[in-house]
Protein chains: 2
Amino acid sequence: MTNTWRRGAAHPEPAPERRATISDIAAAAGVSKPTVSRVLNQRGDVAPATRRKVEQVAAELGYVPSTGARALRTGRHGALGLLLPSEPWGGLVDIVYGVSEEAAARAMHVMVFPLPAGRAAERQFTTRTLPHLPVDGLVALMPDDMVPHQGIIPLSGAPVVAFDDRGTRPGIPYVETTNREGVREAVGHLVAHGYRRIAFASGTSGLAFAEARYEGYLDGLRDAGLPHVPQRVLRSEDDMPSDDEIRELLTAEEPDGPPDAVVAGWDEIATAVGHVVHELGLRLGADIGLIGFDDRPEIALMIKGLTTVHQPLREMGQTAVRLLLEIIEHGPGPANATVPTHLVVRDTCGPHAADGTPLPPEKS
Amino acid sequence: MTNTWRRGAAHPEPAPERRATISDIAAAAGVSKPTVSRVLNQRGDVAPATRRKVEQVAAELGYVPSTGARALRTGRHGALGLLLPSEPWGGLVDIVYGVSEEAAARAMHVMVFPLPAGRAAERQFTTRTLPHLPVDGLVALMPDDMVPHQGIIPLSGAPVVAFDDRGTRPGIPYVETTNREGVREAVGHLVAHGYRRIAFASGTSGLAFAEARYEGYLDGLRDAGLPHVPQRVLRSEDDMPSDDEIRELLTAEEPDGPPDAVVAGWDEIATAVGHVVHELGLRLGADIGLIGFDDRPEIALMIKGLTTVHQPLREMGQTAVRLLLEIIEHGPGPANATVPTHLVVRDTCGPHAADGTPLPPEKS
DNA sequence: TTGTACGCGTTATCAT
DNA sequence: ATGATAACGCGTACAA
């Protein structure tokens with residue numbers, strides 16, 4: 001538990017005499033400071049010759065603008081904040097990368113702020129830290145337990161965009177995905193492949209995204225004119241349904257037989273379903289169809305080729321930044337954005353005869 | 001593929017008249033600016049009465065310091081940079097959280113910079129963006145393909161700490177973990193449980209951390225006086241060994257029989273081994289022992305209770321920040337830091353008779 | 001098209 | 001223990 005600290009090789013001295021300023025450039029180029037400033041900020045009213053000269057001198061001097069001075073003068077920081085839930089989750093990486101990517105493309109930096117765990121620490125964060133953040137705007141992944149707080153919006157007046165489908169906060173623009181339509185499409189896909197007794201397995205019922213996916217399941221049944229059989233719906237209060245619950249779902253004795261396909265609320269649940277299917281001696285994609293949601297890459301390790309609804313976290317991150325920048329630059333003309341899911345067809349929903357007889361697999 | 005943008009509810013106006021400055025506080029409290037500054041920066045030489053008065057006024061006015069002005073004046077940004085590989089990976093979240101956690105505890109912010117993918121973009125990043133970063137220091141997760149670049153060190157003179165065990169860069173302090181000792185301990189654990197024909201399965205041979213773990217395997221064999229049997233070592237050049245390679249490893253016909261245990265280079269490989277073990281009709285933790293490396297939580301979904309070597313990514317992130325701050329504050333007295341792994345014993349290495357007969361499981 | 005003069009909010013120096 | 005003053009580097013009126 002104790003760390004070992006060792007002496008290492010010496011840190012090479014970068015020897016930065018003193019960073020060059022626009023005054024230095026002005027002097028060296030024989031012009032005035034404002035002219036240098038104009039050149040550096042790409043403003044039009046500069047003679048081409050002067051421009052070239054200044055640019056050359058700036059490069060020679062290795063000029064790097066002082067973000068501090070610029071922030072002081074302009075009141076903008078050139079940075080966005082990304083508020084993260086206290087609990088890490090694999091998908092966060094994609095969001096972080098999407099946000100960073102788009103921010104970088106707009107010459108903005110990204111600061112990350114995992115919310116401290118615990119009621120007290122969280123409160124202290126929102127009151128003490130949030131208002132001070134040196135950012136021009138905030139992308140907030142608001143966890144459920146933050147909902148009560150109204151203090152989300154930084155006192156600094158920086159605009160906020162919510163990245164959230166666990167329940168929406170009124171008055172805050174947000175980015176969402178097509179949870180409902182995605183599942184609806186998944187059900188349609190199963191139907192098109194011959195599955196008829198389609199079950200739904202999910203958890204954390206009550207949260208907005210889980211509800212939306214359930215609605216999508218119902219939509220899908222309706223689209224196909226299939227009956228809604230309550231015994232084919234598993235909506236656990238917990239994060240994950242237990243293996244027992246899944247077993248019960250898969251072996252539910254209905255007049256027309258047990259489920260021949262399952263749509264899972266998200267990939268981890270699909271994994272669990274896959275295990276139980278295996279246990280029962282059934283073959284995924286033949287005897288039983290299975291579709292997940294999220295398309296998390298790490299899932300590939302558990303289920304060979306899970307057909308799943310891709311949730312575009314990375315694109316959602318990019319979109320959140322675009323939305324936020326729009327608000328920052330053109331004022332609060334707030335809009336929401338929806339980034340569509342799409343179905344990724346792999347191996348777990350092969351063709352299937354409506355009478356329950358598995359068809360020979362088609363080539364993928 | 002197209003996004004839908006909708007009008008949403010109006011953004012509530014935070015109505016920030018004008019942010020209060022220390023001048024405002026000074027005027028309202030009837031003192032001078034420097035005094036206010038002294039109070040706000042917790043400096044000792046202030047009369048208790050004045051201090052209280054100033055603090056009260058500051059609170060009333062909702063004072064928030066201008067990070068821009070402070071940065072301009074002090075030359076410090078109150079922020080650390082975190083340089084990330086271009087390719088996302090689940091473990092990154094833990095690192096990000098560890099770094100953020102420790103930084104927050106030291107009143108520092110964290111900026112993340114995923115390296116852009118592609119040779120050209122990467123080069124542009126190191127030459128164009130890196131030197132401009134408004135940070136006081138940098139924690140760098142240097143990916144393999146960045147090794148050639150010597151431009152890692154920002155021109156700004158900000159110190160760098162490497163978070164890396166894929167090959168060390170000379171002259172840069174770094175944080176590492178006990179890859180070698182961790183595997184050595186794992187082998188010892190297997191031996192203590194009766195396993196004798198211990199195999200090693202890994203990938204990406206050549207990279208420092210993979211080499212270190214292999215050395216640890218050899219150490220472990222030596223410790224126990226066990227022979228090094230080449231047929232029990234699988235070191236793929238790829239990221240992951242294939243199922244075929246693993247099958248071959250598990251069924252290698254040696255005089256004393258096939259392997260009765262496997263140490264995997266990391267958890268994903270352990271998962272693959274687990275699949276093949278299952279395929280062969282063997283029972284994990286009884287017929288065959290298995291130990292992984294990393295202790296990634298998402299692995300729990302694939303293998304019930306994988307015994308594994310915990311790599312403390314979060315602590316390593318914290319340590320990197322401490323190391324970096326040490327250098328920032330007390331100059332380049334560079335040290336490296338090693339954060340120890342520890343073995344997490346779960347279910348995949350139950351007791352085992354040395355002759356190959358599985359023993360009845362002990363209670364965990 | 002270019003230059004002069006000033007101020008952004010903070011901290012450091014020096015004096016009192 | 002406190003106050004006056006200057007300076008950090010940049011952008012922007014305004015004047016030329």
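Here is how names work: the chains are called A, B, and so on, in the same order as the sequence lines, proteins then strands, and each is numbered from 1. Side chains are part of it too, since the values below use all heavy atoms of this structure and drop only hydrogens, waters and symmetry mates.
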Exercise for the section: Among Leu138(A), Ile327(A), Ile172(A), find the residue that satisfies the side chain to side chain contact (heavy atoms under 4.5 Å, CB included) test when tested with Val161(A). Expected result: Ile327(A)
Handout entry: Pair Glu102(A) + Arg106(A): basic N to acidic O under 4.0 Å
Key = yes
Practice task
For the pair Arg119(A) and Glu122(A), find out whether any cationic side-chain nitrogen is under 4.0 Å from an anionic carboxylate oxygen.
Solution key: yes
Completion exercise
Heavy-atom contacts, protein to nucleotides 8-14 of chain D, under 4.0 Å, summarised as B (base), S (sugar-phosphate only) or - (none) per nt, yield BBBBB--
Problem - Thr74(B) (side chain) donor-acceptor with Arg70(B) (main chain) under 3.5 angstrom - result: yes
Problem - Partner residues of Arg43(A) under the salt bridge (charged side-chain N to carboxylate O under 4.0 Å, His left out) criterion, sequence neighbours left out - result: none
Exercise for the section: Could you list where the contact with chain A starts and ends along DNA chain C, reading 5' to 3', using a 4.0 Å heavy-atom cut-off? Expected result: dT1(C) to dG9(C)
Practice task
Hey, can you tell me if His109(A) and Phe113(B) have their rings parallel, tilted or perpendicular (30° and 60° cut-offs)?
Solution key: perpendicular
Exercise for the section: Ignoring hydrogens and angles, tell me if any N or O in the side chain of Arg19(A) forms a donor-acceptor pair with the backbone of Pro65(A) under 3.5 Å. Expected result: yes
